[in-house]
Each structure stands twice: as structure tokens, then as C-alpha cells.
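Heads up: the structure comes next, in C-alpha cells.
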Amino acid sequence: MRLAGLIIVIICGGLLLSATQDFPAWGDPDSPASTHLSDHYITKGLEETGAPNLVTAVLADYRGYDTMFETVVVFGAGIACIFLLRTYTQRTRGREYRHIPTGVIIHIQNPDKRGPRDQREFELIDNMWVPHDLIIKTVCRVGIPFIQLFGLYVVCHGDFSPGGGFQGGVIFGASLILLALSFDLRTVLDRISEQTMGLLCALGVVIYSGIGCLCILLGGNFLDYGRLASVLPVDPSHIRALGMLGVEIGVGFSVMSVMIILYVNIASEGRHNQGL
Amino acid sequence: MSDLLTEIVHKYNYWLYIILMMIGLYAMIAKNNLIKKLVGMNIFQTAIILFFISIGYKEDATIPIIAGGHGDHAAHKAIEASQYINPLPHVLMLTAIVVSVATLGVALALVVMIYQRYQTLEEDEIRMRVKQ
């Protein structure tokens, strides 16, 4: 298998390397990729869409369909992960509790019947993963709000500076994964429940396609943001950038919740009780 | 020989990406462990992402965000296409990165299920247990 793989790889690599002769040189402004459509995007992009960040303009306006179905792919990945992994049967192998004043850890074989009565003195901890580090917890507690604020900034400022829904959603989702790593999985699930994640994940796609359908209702084509000018009292030159912002917020919702769904389901093998 | 060397020096970016891509392809074919195969898939995707990004690069050009295009006083001066790099590959790769995360997530979910069922991630051991 190794030898066969090596032969296939060498043949493929050799063919590709011999094809590099025909490729444009590094940084050539007249290469085929940079001549036809790209010139139109660069010279007319700001005028037509009102968004200085051309990447966002192309992403959310010129290629709006592509991005919409990209969001559907992300949504589908989240749903597929839930369907594959989520189980509702709890295998009880006993639970560990930490006595908070003394730090002693006790193991209880049958926690449903003989669990500790005073929940304030005993803290449920994970069997496999026991992160109890004051420094890590404190640093993450201080840092996470700023990470989330930065994520929101990246979403909202996507039209003007590097950023957008995908990036901001990933930053926001990563902040919640950091919370799960530094505290534990239940802390995250207390703050954002499974139902909320599923709803947010669907809401993102609904916002995106809803804005598209709203444009149809107002007499334009699907995702023709210019038509939103009749319902939103803003400067008509900025209306397309505003439509893009709405779409990016939808993308941000979807990506954020799918990141958390993937993490929570994979880390806990679908049981949502404990995990990495 | 010197022709080949100048060729490599001029097109070194493509050579690097193709080597990286072949490393990923080899890992996907030859490795026995499923997680290593997934890592190989990610290396493969990274090579393609780098390839697209390098296609969009132009000499002496800056990022595709129009300077002075913000606010109401947006300068309506003529924009030269050679001033800004090509935004299209960036858009395509932005979505490709997200899709690669999604495929990786689903692949890891499948790997977790395989592990729960067969208690191993080595391909030959899984094949042995499937036959039993």
C-alpha cells in the first residue's frame, strides 16, 4: 500500500510539476486570473456596492448565491454531526464530586440515588478531564469577553476592514470553545443550551435567505439589496453595504453555532455531560 | 540543468504547493490511522488554499480594500486595477476554509462513531473486526 501510494504520488506530482511551466509567474499583474472579471470587481466594486472591502463585496453581493449555499453547507455539517453523534442514554459509571472548602475529591458510584445533598459545597467534576487551575480560569474569564467583542467587531466592520460573517462567527465560536476548555462543557451548555444552538444555526440561514426573499417581495431579484432602499431610511449609496451587513450577521450566527455544535458533540461523544 | 533551476526559482511557489499537496495525498493513501488520514486531507486543502491565494497576488499591489472608500466623503477618483490584488481567490478560499472546517467536523464525528463501535482507529484492525 505504501509503495503503491508512493508511486501514485510521484506520478501525480511529476505531472503537476511539469504543468507549472505554463503557469503565470509569481505576482504577474497580467496573469489570466487577474485580467478579466477581477478588473471589473476592483474598478467598479466600490461604486456598485458601496463597500470598500472588495472581498466582502464579491462574497456577499456578486457571489451571493455561492455564499448562501456555503452557509447551508455549514448548517448541514452541524445537523449531520448532531444526527451522527447525539445520544440520550447516559452511561453512569459513577461521578466525581469536589468538596469545595477542602478540595477533597470523592467518587460516588450511584449519583442519582446517593448524590451529595448540598450542591453548594460539592461541585460536580468530570471523570476524564479535571481542569481546575485558578490561573487558566481567571485569565480566560478576563479574556473571553474581549474575544467576543472582537468577534462582533469583525462581523459588523466586515464591509470596511478585513472581516465578515465567517471570520467573526469563528472567533465568537472559538471564544465559547475556550470557555469549555478552561472551565468545562457544562458551563458552556448552561450559558448556551443545545436548543439555542440549533435555533441560531437555522436562524442564520433564515436571515440570509429571508433578506434574499425580501428583495423579491420588493420587486427585485433574489439578493438584489438595492431594493431594500424603499423600506430602510438610509442613504441609497450605502444600501447595498447594509444588505451585505445583514447577510453577514446571518452567516455569523450559523458559523458560530455550528462551531460550538461540532465541538460539543465531538468532545463529549454526543452525550453532552462531560468531555474535553 | 540550469534551465530547470531557473524554472524552480521563478515558480517556487507552485513547487512548494505541489510538494505540500503530494504530502497530503500520500498521507491519505498510505497512512493506516484514520486521524492521520484526516490530517493528510487538511494538508491537501491547505495546499490548494495557498495555491489560490498566490494566484491572486500582484506585484506592487495592496490588499483589496479601497483606500479612502469609507464614509460619505468617499473619494471618487479613478481606481487602477493594478493597485489592488485580485479579490476573487480570497473570496473563494474564505468559503473553502469554512467548508474544510465543516468537512473536518463531520469526518471527526464519523471517526468517533467508528471508534465507539470497533475500539480502534487503525484501518487494518477495523477491517479485521468487520470481517469477524
Side-chain angles (χ1 to χ4, degrees), chain A residues 1-2 4-6 8-10 12-13 16-17 20-21 23-29 31 33-34 37-39 41-43 45-47 52-55 57-59 63 66-67 70 73-74 76-78 80-81 84-85 160-162 164 166-167 170 235 237 255 258-259 262 265-266 269-270, chain B residues 7 10-15 18-19 21-23 25-26 28-30 32 54-61 63-70 72 74 76 78-92 94-95 97-99 101-106 108-110 112-113 115-116:
Chain A
M1 198 63 197
R2 274 162 197 269
L6 199 64
I8 291 170
V9 162
I10 286 172
C12 284
L16 285 171
L17 287 178
T20 53
Q21 292 171 8
F23 285 5
W26 166 250
D28 180 13
S31 70
S34 310
L37 195 53
S38 142
D39 282 356
Y41 288 151
I42 293 169
T43 49
L46 180 59
E47 194 184 313
N53 184 355
L54 295 172
V55 175
V58 177
L59 182 86
R63 296 180 67 89
D66 182 22
T67 312
E70 215 77 58
V73 166
V74 172
C81 195
L84 281 172
L85 283 178
F160 304 110
S161 62
F166 287 108
Q167 300 93 319
V170 167
D235 183 8
S237 66
V255 171
V258 168
M259 292 292 288
L262 289 178
N265 277 303
I266 291 170
E269 297 184 359
Chain B
E7 182 73 22
H10 281 291
K11 305 272 174 71
Y12 70 97
N13 52 333
Y14 302 122
W15 282 70
I18 288 166
I19 290 166
M21 196 167 160
M22 288 306 120
I23 292 171
L25 187 65
Y26 179 75
M28 277 163 77
I29 294 171
N32 202 21
S54 85
I55 288 254
Y57 180 72
K58 286 179 199 165
E59 205 71 54
D60 297 326
I63 54 169
I65 296 173
I66 305 293
H70 307 73
D72 297 328
H76 287 291
I79 299 159
E80 285 285 321
S82 60
Q83 286 172 346
Y84 299 98
I85 60 174
N86 188 355
L88 192 56
H90 291 246
V91 173
L92 297 175
L94 183 64
T95 50
I97 290 168
V98 176
V99 169
V101 169
T103 52
L104 186 69
V106 176
L108 281 175
L110 288 170
V112 168
M113 290 212 73
Y115 187 78
Q116 281 174 349

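What you see is a predicted model, and the numbers here were worked out from it, not measured in a lab.
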Any heavy-atom pair between the side chains of A/E70 and B/L94 that's under 4.5 Å?
no
Scanning both residues in full, the closest heavy-atom pair of A/V58 with B/P87 reads CG2-CG, 4.3 Å
In short, A/S34 meets B/K58 closest at the heavy-atom pair CB-CE, 3.5 Å
side-chain contact (heavy atoms from CB on, under 4.5 Å) assessment of B/T95 paired with A/L59
CA-CA 9 Å; B/T95 50; A/L59 182 86; 3.8 Å; yes
Taken in chain and number order and not counting sequence neighbours, the residues that satisfy salt bridge (charged side-chain N to carboxylate O under 4.0 Å, His left out) with A/D66 are A/R63
Counting heavy-atom pairs under 4.5 Å with chain A, the top scorer among B/V91, B/L108, B/L110 is B/V91
When the 4.5 angstrom heavy-atom criterion is applied to B/L25 and chain A, the contacting part is both
Interface check, chain A: of B/P64, B/G105, B/A30, most non-hydrogen pairs under 4.5 Å belong to B/P64
If one checks every heavy atom of B/Q83 against chain A at 4.5 Å, the contacting part turns out to be neither
Most heavy-atom pairs under 4.5 Å with chain B, out of A/G13, A/G45, A/C81, belong to A/G13
Residue from A/G270, A/C12, A/A80, A/A4 scoring the most non-hydrogen pairs under 4.5 Å with chain B is A/C12
Of B/Y12, B/Y115, B/W15, the largest count of non-hydrogen pairs under 4.5 angstrom with chain A goes to B/W15
Side-chain heavy atoms of B/I55 within contact of A/S31, under 4.5 Å:
no
| Test item: B/H90 and A/L54 side chains (from C-beta on) under 4.5 Å apart, heavy atoms | no
Smallest heavy-atom separation, A/I42 atom then B/Y84 atom, equals CD1-O, 3.5 Å
Max heavy-atom pairs within cutoff under 4.5 Å with chain B, candidates A/V255, A/I10, A/L17, A/L6, goes to A/L17
Heavy-atom closest pair (B/I29 atom, A/G5 atom, distance to 0.1 Å) is CG2-CA, 3.6 Å
Smallest heavy-atom separation, B/N86 atom then A/A33 atom, equals ND2-O, 2.7 Å
The interface call for A/N265 against chain B, heavy-atom contacts under 4.5 Å, is neither
Honestly, the part of A/F23 sitting under 4.5 Å from a heavy atom of chain B is both
Bottom line for A/Q167: the part with an atom under 4.5 Å from chain B's heavy atoms is side chain
Bottom line for B/I19: the part with an atom under 4.5 Å from chain A's heavy atoms is neither
Residues at least two apart in sequence or cross-chain that pass side chain to side chain contact (heavy atoms under 4.5 Å, CB included) with B/S54, listed by chain then number, are A/W26, B/N13, B/Y14, B/Y17
Residues A/E269 and B/V112: closest non-hydrogen pair is CG-CG1, 3.8 Å
**Request:** May I ask you to check whether over 12 heavy atoms, not counting those of B/E80, lie within 6.0 Å of atom CD?
**Result:** no
Ranking A/V258, A/V55, A/L262 by heavy-atom pairs under 4.5 Å to chain B gives rank one to A/V55
Here the gap from B/M22 atom CE to A/L16 atom CG, rounded to the nearest 0.5 Å, amounts to 5.0 Å
